[in-house]
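Here the structure is a predicted model, which means the values were calculated and not measured. Proteins come first, then strands; the chains are lettered A, B, ... in the order of their sequence lines, and each starts at number 1.
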Amino acid sequence: MLTLQFIRENAEFVVDRLKIKNFDASGLVEQVLAADNERRTLQTRTDQKQGEMNNLSRQIGQLFKEGKQDEGNQAKEKTSQLKEEIKHLSQQFSESEKKLTTLLVQLPNLPYKDVPAGTSEKDNEIVREGGKMPNLIDNALPHWDLATNYNLIDFELGNKITGAGFPVYKGKGARLQRALINFFLEQNVVAGYTEILPPFIVNESSGFGTGQLPDKEGQMYHVTDDNLYLIPTAEVPVTNIYRDVILSANDLPVKNTAYTPCFRREAGSYGKDVRGLNRLHQFDKVEIVQIQHPDKSYESLNEMVDHVESLIQMLELPYRIVKLCGGDMSFTSALTYDFEVYAAAQKKWLEVSSVSNFESYQANRLKLRFKEDNQKKNVLAHTLNGSSLALPRIVAALLENNQTAEGIRVPNVLKPFFNFEFID
RNA sequence: GGAGGAAUGGCAGAGUGGUCGAAUGCGGCGGUCUUGAAAACCGUUGACCGUUCCGCGGUCCGGGGGUUCGAAUCCCUCUUCCUCCGCCA
């Protein structure tokens, strides 16, 4: 969330910038400022009474110590009213604080200065394109047919065991998943990321820290008995490692990578977009996460974009990098680049990565700070993350683009991890 | 799952009702000494909020609640960790 201090000092700017995200913040900002004022008034009054009480208690203690029982008891009688007032005030204060937080979390992150205006993906800006479009054979098949024909993925079996959106990978299909996960992790480690294997289920505080809760509750699977959530992305556990942490400046940047399965309810997604591997309830993804000094976070963002691009290039897939417009960006992001690969049989661009800078928006929720050298004050760090990469759509594109009459060609870079040049 | 024990500042570890945000040691930072370093010595060393902001006030001793004029200290509850038993990949 945005910091109160920033909103106080830049209220108009906040409202103005959020227009880029098609978010009318005028009413909300006003309410935040009012709630903030109320809270501060209440705190001043509460603190003052509490101070009086502390003084009185000290005096009473002193009186009893000196053996002045009568005076002590007399003084005691004076405390009951004060006590009542404090109880009342602190109740109001905590309600006021709660109200303020409720309002505050409704404000999205501000878009970075060069985020294009727009309402949907049509307004996104293509920043780079690369790779070579394949020459498809005649009668080229979409990946769901290829996956079935070559016995790589069994969608029906997934329906039986769990339900739609939970495919079963088999044989070379399963091995290809494993190979891709290894390949991605390996490349990330080479690029300086530390490998993490986090829990796949998180608590409420973690969900709040990265911004999934409270607003996107319906997108996660909820284990109600224990009030835990299946992770929708490794971003959640890996970023939350640093919740309530104060780093020192020379710890930065922190670079972590993790493979996890991701679980998404995808409520409200139906139709042809969900065919095959295009949209699943459970899928595999390797994630990269950085924690960086505010002055350098956009350098890191570019570095991450270049890194993800190199992965896709190694897989020899045609791709494009898209800068999201305000309307298509997530609630918590300041700047997001999406990566799309072309799945030639479907004739579709599929999103395989989303790389974002959240600036201090998540850090403020997480209370993730660092100590600047020679300075007392702790400052919020910047957090960034990106997929490197999400597997299913990569697999979809690999299958579709590399199909030949004899079988499916496997990119050379996977050799160390997948010992077949051909799937036939 | 059953029975006990514990949770204090970066770490170790005192403190069982009254200036305790907390002794002491280690670590960190600054200084004296030294050509430099070590050792020794001196000083300093948590976070958050409010404010009339070089000052003052408030909160925080695992989380939440309670008793009391007053709680790190007493009570309840939750969580986590340790020991023993059982079970187990």
Pairwise N/O distances under 3.5 Å, protein to nucleotides 7-11 of chain B:
none

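Neither OP1 nor OP2 of B:U51 sits under 4.0 Å from any side-chain N or O of A:R39. An OP1 or OP2 oxygen of B:A47 is reached within less than 4.0 angstrom by no side-chain nitrogen or oxygen of A:R369.
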Task: Letter per nucleotide, 5' to 3', of nucleotides 52-80 of chain B [B base touched, S only sugar-phosphate touched, - untouched; heavy atoms, 4.0 Å] - done: -----BSS---------BS----------
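Under the 3.5 Å distance criterion, with hydrogens and angles disregarded, a donor-acceptor pair is assigned to the side chains of A:N256 and A:Y242. No side-chain donor-acceptor contact under 3.5 Å links A:T257 and A:E195. No hydrogens or angles considered: nothing links the side chains of A:E186 and A:N182 as a donor-acceptor pair under 3.5 Å.
Ionic pairing of A:E303 and A:K255 is present here: one or more N-O contacts between side-chain nitrogen and carboxylate oxygen are shorter than 4.0 angstrom.
Taking atom C1' on both B:G21 and B:G9, the two are 9 Å apart, rounded to the nearest angstrom. Comparing the P positions of B:U45 and B:C82 gives an interatomic distance of 35 Å, to the nearest angstrom. Rounded to a whole angstrom, the distance from the C1' atom of B:U80 to that of B:G64 is 15 Å. Atom C1' of B:U52 sits at a distance of 25 Å from the matching atom of B:A47, rounded to the whole Å. With P as the reference atom, B:G28 and B:C84 are 36 Å apart, rounded to whole Å. Remark: the separation of the P atoms in B:G58 and B:C20 is 14 Å, to the nearest Å.
Searching all strands for a Watson-Crick or G-U wobble partner of B:C69 with both distances below 3.5 Å returns B:G18. Using Watson-Crick or G-U wobble geometry with both donor-acceptor distances under 3.5 Å, B:C54 finds no partner in any strand shown. Under the Watson-Crick and G-U wobble criteria, each requiring two contacts below 3.5 Å, nucleotide B:A37 is left unpaired. Both distances falling under 3.5 Å, in either a Watson-Crick or a G-U wobble arrangement, place B:U59 opposite B:A47. The partner of B:A3 is B:U83, judged by Watson-Crick or G-U wobble contacts that both fall below 3.5 Å. In this structure B:G9 sits in no base pair that meets the Watson-Crick or G-U test at under 3.5 Å.
Taking the six-membered ring where tryptophan is involved, the planes of A:Y112 and A:Y298 are essentially parallel, since the angle between them stays under 30° and well short of 60°. Using the six-membered ring where Trp is involved, A:Y229 and A:H222 have ring planes that are parallel, under 30° apart on the 30 and 60° scheme.
Taking the ring centroids of A:F339 and A:Y337, they lie at or beyond the 6.0 Å cut-off. In this structure, A:H293 has its ring center under 6.0 Å from that of A:F370.
Stacking of A:R365 on the aromatic ring of A:F208 is recorded, both the 6.0 Å distance cut-off and the 45° axial limit being met. For the pair A:K172 and A:F420, the cation sits on the ring face: its NZ or CZ lies under 6.0 Å from the ring centre, inside 45° of the axis.
Taking for each of A:K371 and A:Q62 the nucleotide of RNA chain B with the nearest heavy atom, the 5'-most of the two is the partner of A:Q62.
Counting non-hydrogen atoms under 4.0 angstrom, A:K49 reaches nothing in the nucleic acid.
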